[in-house]
Amino acid sequence: MPSTTTAAMTESETPHSPAQDDQSTLEAARRAKMARLVELGVDPWGGRFDDRQLIGDIRGRLGEVVYRLEDGAEVALPDFANVPEGFNFRQWKADQGKGEMVGPQVRAAGRIVLHRDKGKLQFIDIRDMSGDIQLMVGQKQVGDDWEIAKQLDLGDIVGVEGMLGVSNTGELSIFAERVFFLTKSIETPPEKHHGLSDPELRQRQRYLDLTYTDGVMPRFLDRTRIVASIRRTLAEQGFVEVEGPTLHSIAGGAAARPFTTHHNALDIDLFMRIALELHLKRLLVGGIERVYELGRVYRNEGISPKHNPEFTMLEVYQAFGDYNAMMDLTEGLICDAIKAVRADASPADRYKLPWGDATIDFTPPFARKTYAELFQEQTGVDPADEAAVAKLATSLGIETAGRHPDVIKNEVFEEKVEDALLGPIFVTDYPASICPLTKRKRDNPAIAERFELFIQGMEIANAYTELNDPDLQEELFKSQLAGLSEEDSMAKMDHDFIRALRHGMPPAGGLGVGIDRLVMLLTNSQTIRDVILFPLLRPEK
RNA sequence: GAGACCGUAGCUCAGUCGGUAGAGCAACGGACUUUUAAUCCGUAGGUCCAGGGUUCGAGUCCCUGCGGUCUCACCA
């Protein structure tokens, strides 16, 4: 160690304390308090803390708190949620007579989010996953632990044991009897009132966003509830959850550019999966008649408020079903998910969800209209009239020369119709030529048995009566790949998938749901980055 | 990938016409045993994203780069 001043020596020899060139007096102050805790024999990194109760549960026990008068009589507290304007609890207590607060013993732990030091009494708000509660920590009341209480900083994690009561201003509080130091925070937390507002910081440091930005924790807990509800609904209907490979040698099942990677031992290039479809259908062939996967797919495409390069997708396949079966399933999945996140809403309001300044009415059944009907409604043009559609397309600046009429029609649809579909609405019966992997209607081969669910102009679900004719499938694959070089098309033709179909895939309905987008709609989040914990960002620096 | 806007203290933000860098919160010292974004007195805290240019002088004007937000495109 290089020779240095005595003071610096002492500093740098503190175990587990990296050399402080002291750019941050804020950190230095926190480390000084940490050192004081060590002097007191307290581990600043804490340890196991058993039998704590969730703050949300503790808050529910307000009714057990009473005001006990000197003669032993117990008086129920006023209903603080419904007290008259200008109610003064201090006065109320004086009116009842001299007494003391009596409540259940509780034990809680959480991060310190507010700290009001009043000398020999400190008011500390702690927060756990379920909510906030105020601690009253008095010098006399906590005894030896007062020395610990004096070292507390915003952001530290503490445990507390004491009696539940109500302060003079009517605030539910834990009257601390013991204070347990659980974890030191050596960084300064965000501003206590505004929290984090810079979207970049919120995403990069999601751990801070979760604790300090209003609504973030409940939103991500809702996401978990939605996903759990979907799994429950599917399980109730006999669907089997599986895990397909995420590393594919052929990235099939959707039109998107894949991420590439490499396996060293086999020395082969691999792709991150862009869809779940082709392996789930193999499992239909294998006899898993109701099968789904809810998992991550990866698409090497742009980033937008509706797109993240990795996102969560649900794909469901039901043997002996068709797209109508999938429509009923979709509606059930979404309605059950809504019930899961809005358990406390009245039945009348449950399905009316806020979306920005608007409201989305999810009350089932959702509207169902055909592609052709909607085309006619929104554009005033008969979709069967190819000349009129081409004319409309040209007026919208859509290239028409040498393109299939259905492709042109669909571009018009995307341009003029989709944004108007506030929904929820099932759009059914697409032109067959734009969905090659779909079975056609028996009585009209120009129409595919497909639907998409639109809500607020966003495509939420996409379903088919699946094509199970191996010869037709192979032919369609080939024509899809026709534009590519032979080398590319060989690479992308999934021969094993065709072989599987040749062994016989039962007739089936298939469904895909964009989980992130569904969560956006059910949690009133205008950007996908608010429902993905760690969205892709450029690395720092 | 293209365009517009943005980057100032740990956090949230001001900064006029180009003329010595500001506030609140957080921090530090002090007072206070019923506070509510506690209050009061005092102190300290800056590579103004980075690099270059114009200028007597740049947080401010210009260029380049980095990062972000929004819109558009690919995609779901």
Side-chain angles (χ1 to χ4, degrees), chain A residues 22-33 88-90 93 101 112-125 132-142 146 149 153-155 165-173 175-176 185-205 208-209 212-213 253-258 274-276 297-315 414 418 452-454 457-462 512-518 520 526-529 535 537-541:
Chain A
D22 204 5
Q23 305 207 324
S24 166
T25 55
L26 297 175
E27 178 177 336
R30 282 165 180 267
R31 287 192 183 274
K33 288 182 190 165
N88 183 332
F89 183 53
R90 200 184 310 234
K93 284 205 289 189
M101 199 66 58
I112 298 174
V113 291
L114 283 175
H115 190 191
R116 296 176 290 280
D117 185 348
K118 245 187 130 287
K120 296 186 176 66
L121 177 67
Q122 298 180 44
F123 295 89
I124 297 172
D125 288 10
D132 293 3
I133 197 162
Q134 173 171 277
L135 314 180
M136 288 174 62
V137 181
Q139 182 175 29
K140 223 181 276 174
Q141 290 79 2
V142 298
W146 182 247
D153 278 317
L154 284 174
V166 173
S167 75
N168 271 354
T169 49
E171 177 86 10
L172 184 66
S173 310
F175 293 66
S185 170
I186 55 179
E187 289 277 357
T188 313
E191 208 266 358
K192 67 186 179 187
H193 188 230
H194 302 94
L196 281 185
S197 63
D198 180 342
E200 179 185 357
L201 279 181
R202 289 188 45 211
Q203 291 161 25
R204 282 197 197 282
Q205 298 184 266
L208 295 180
D209 194 36
Y212 293 104
T213 310
R257 291 147 72 199
I274 58 172
L276 315 173
V297 297
Y298 308 86
R299 298 191 180 177
N300 207 337
E301 308 279 359
I303 294 171
S304 86
K306 291 179 191 170
H307 300 86
N308 191 60
E310 54 178 314
F311 63 102
T312 302
M313 177 99 139
L314 167 69
E315 287 198 28
E414 283 173 4
E418 286 190 358
E452 289 194 279
L453 174 64
F454 281 90
M458 268 196 287
E459 187 193 332
I460 298 302
N462 188 10
V513 179
I515 297 297
D516 311 275
R517 288 181 178 183
L518 179 62
M520 285 169 69
Q526 314 295 312
T527 158
I528 201 167
R529 299 161 93 71
L537 294 170
R538 279 198 174 80
E540 263 180 292
K541 275 279 167 171

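Order of the sequence lines sets the chain letters (A, B, ...), proteins ahead of strands, with each chain counted from 1.
Heavy atoms of A:I460 sit nowhere under 4.0 angstrom from any nucleic acid atom. Among the protein residues, A:D132 comes within range of no part of the nucleic acid, since none of its heavy atoms lies under 4.0 Å from any strand. Backbone-only contact: A:Q203 has heavy atoms under 4.0 Å from sugar-phosphate atoms and none from a base. Heavy atoms of A:E171 sit under 4.0 angstrom from at least one base atom. Residue contacts shown for A:E187 are absent, as no nucleic acid heavy atom lies under 4.0 Å away. Residue A:R517 is classed as a base contact, given a heavy-atom separation below 4.0 Å to a base. Across all strands shown, A:G514 has no heavy atoms under 4.0 Å from either base or sugar-phosphate atoms. Among the heavy atoms of the strands lying under 4.0 Å from A:K33 are primed sugar atoms or P, OP1, OP2 only; no base atom is included.
B:G53 sits 28 Å from B:A14 when the C1' atoms are compared, rounded to a whole Å. Taking the P atoms as reference points, B:C62 lies 14 Å from B:C17, given to the whole Å. Nucleotides B:C74 and B:G59 have their P atoms positioned 44 Å apart, rounded to a whole Å. The C1' atoms of B:G51 and B:A38 are separated by 47 Å, rounded to the nearest whole Å. Separation of the C1' atoms belonging to B:G52 and B:G46 is 22 Å when rounded to the nearest angstrom. When the C1' atom is compared between B:U16 and B:G10, the two are found 28 Å apart, to the nearest whole Å. If you take atom C1' in B:U35 and the same atom in B:C70, they sit 42 Å apart, rounded to whole Å. Taking the C1' atoms as reference points, B:U43 lies 39 Å from B:C5, given to the whole Å.
The nearest whole Å value for the distance from the NZ atom in A:K306 to the P atom in B:A73 is 10 Å. Atom NZ in A:K120 sits roughly 15 Å away from atom C1' in B:U34 (whole-Å rounding). The NE2-P distance, from A:H115 to B:U33, rounds to 14 Å in whole Å. Rounded to an integer number of Å, the gap from A:D198 CG to B:C13 P is 8 Å. Following rounding to the nearest Å, A:D125 (CG) and B:U34 (P) show an atom-to-atom distance of 17 Å. B:A26 atom P lies 17 Å from atom CG of A:L208, rounded to whole Å. To the nearest angstrom, C1' of B:G7 lies 13 Å from CZ of A:R204. A straight line from CZ of A:R257 to P of B:A76 spans 13 Å, rounded to a whole angstrom.
Contact check, A:R529 against B:U69: a side-chain N or O comes under 4.0 Å of OP1 or OP2. For A:R116 and B:C40, the shortest distance from a side-chain N or O to OP1 or OP2 is not below 4.0 Å. Here A:Q122 does not reach the OP1 or OP2 of B:A38: none of its side-chain N or O atoms lies under 4.0 Å away. Note on A:S197: a side-chain N or O is less than 4.0 Å away from OP1 or OP2 of B:C13. Neither OP1 nor OP2 of B:C11 sits under 4.0 Å from any side-chain N or O of A:K192. Within the 4.0 Å cut-off from OP1 or OP2 of B:C74, not a single side-chain nitrogen or oxygen of A:R299 is found.
Here B:A14 sits opposite no nucleotide as a Watson-Crick or G-U wobble pair (both hydrogen-bonding atom distances under 3.5 Å). The partner of B:U43, taking Watson-Crick or G-U wobble pairs whose two distances both stay under 3.5 Å, is B:A27. Judged by Watson-Crick or G-U wobble contacts below 3.5 Å, the nucleotide B:U64 has B:A50 as its partner. In this structure B:A21 sits in no base pair that meets the Watson-Crick or G-U test at under 3.5 Å. B:C70 is paired with B:G3 under the Watson-Crick or G-U wobble criterion, all donor-acceptor distances under 3.5 Å.
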Test side chain to side chain contact (heavy atoms under 4.5 Å, CB included) on A:M313 and A:R299; report intermediate values, then the result. CA-CA 12 Å; A:M313 177 99 139; A:R299 298 191 180 177; 4.0 Å; yes
Could you go step by step and tell me if A:E171 and A:V166 meet the side chain to side chain contact (heavy atoms under 4.5 Å, CB included) rule? CA-CA 5 Å; A:E171 177 86 10; A:V166 173; 5.9 Å; no
Mind running side chain to side chain contact (heavy atoms under 4.5 Å, CB included) on A:V113 and A:K192 for me, showing each step along the way? CA-CA 7 Å; A:V113 291; A:K192 67 186 179 187; over 6 Å; no
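A stacking contact links A:F311 to B:A76: the aromatic ring centre lies within less than 5.5 Å of the base's six-membered ring centre, and the planes differ by less than 30°.
Using a cut-off of 4.0 Å between Lys/Arg side-chain N and Asp/Glu carboxylate O, A:D125 and A:R116 are scored as salt-bridged.
Nucleotides of RNA chain B nearest to A:P190 and A:N168 differ in position, and the one nearer the 5' end is that of A:P190. With the nearest nucleotide of RNA chain B identified for both A:L121 and A:P189, A:P189 has the one nearer the 5' end.
Below the 3.5 angstrom threshold, one finds no donor paired with an acceptor across the side chain of A:E200 and the base of B:U69.
In this structure, A:E187 places its CD atom where only 12 or fewer heavy-atom neighbours from other residues, nucleotides or ligands lie under 6.0 Å away.
Residues A:N308 and A:D516 fail the side-chain proximity criterion, which asks for heavy atoms closer than 4.5 Å.
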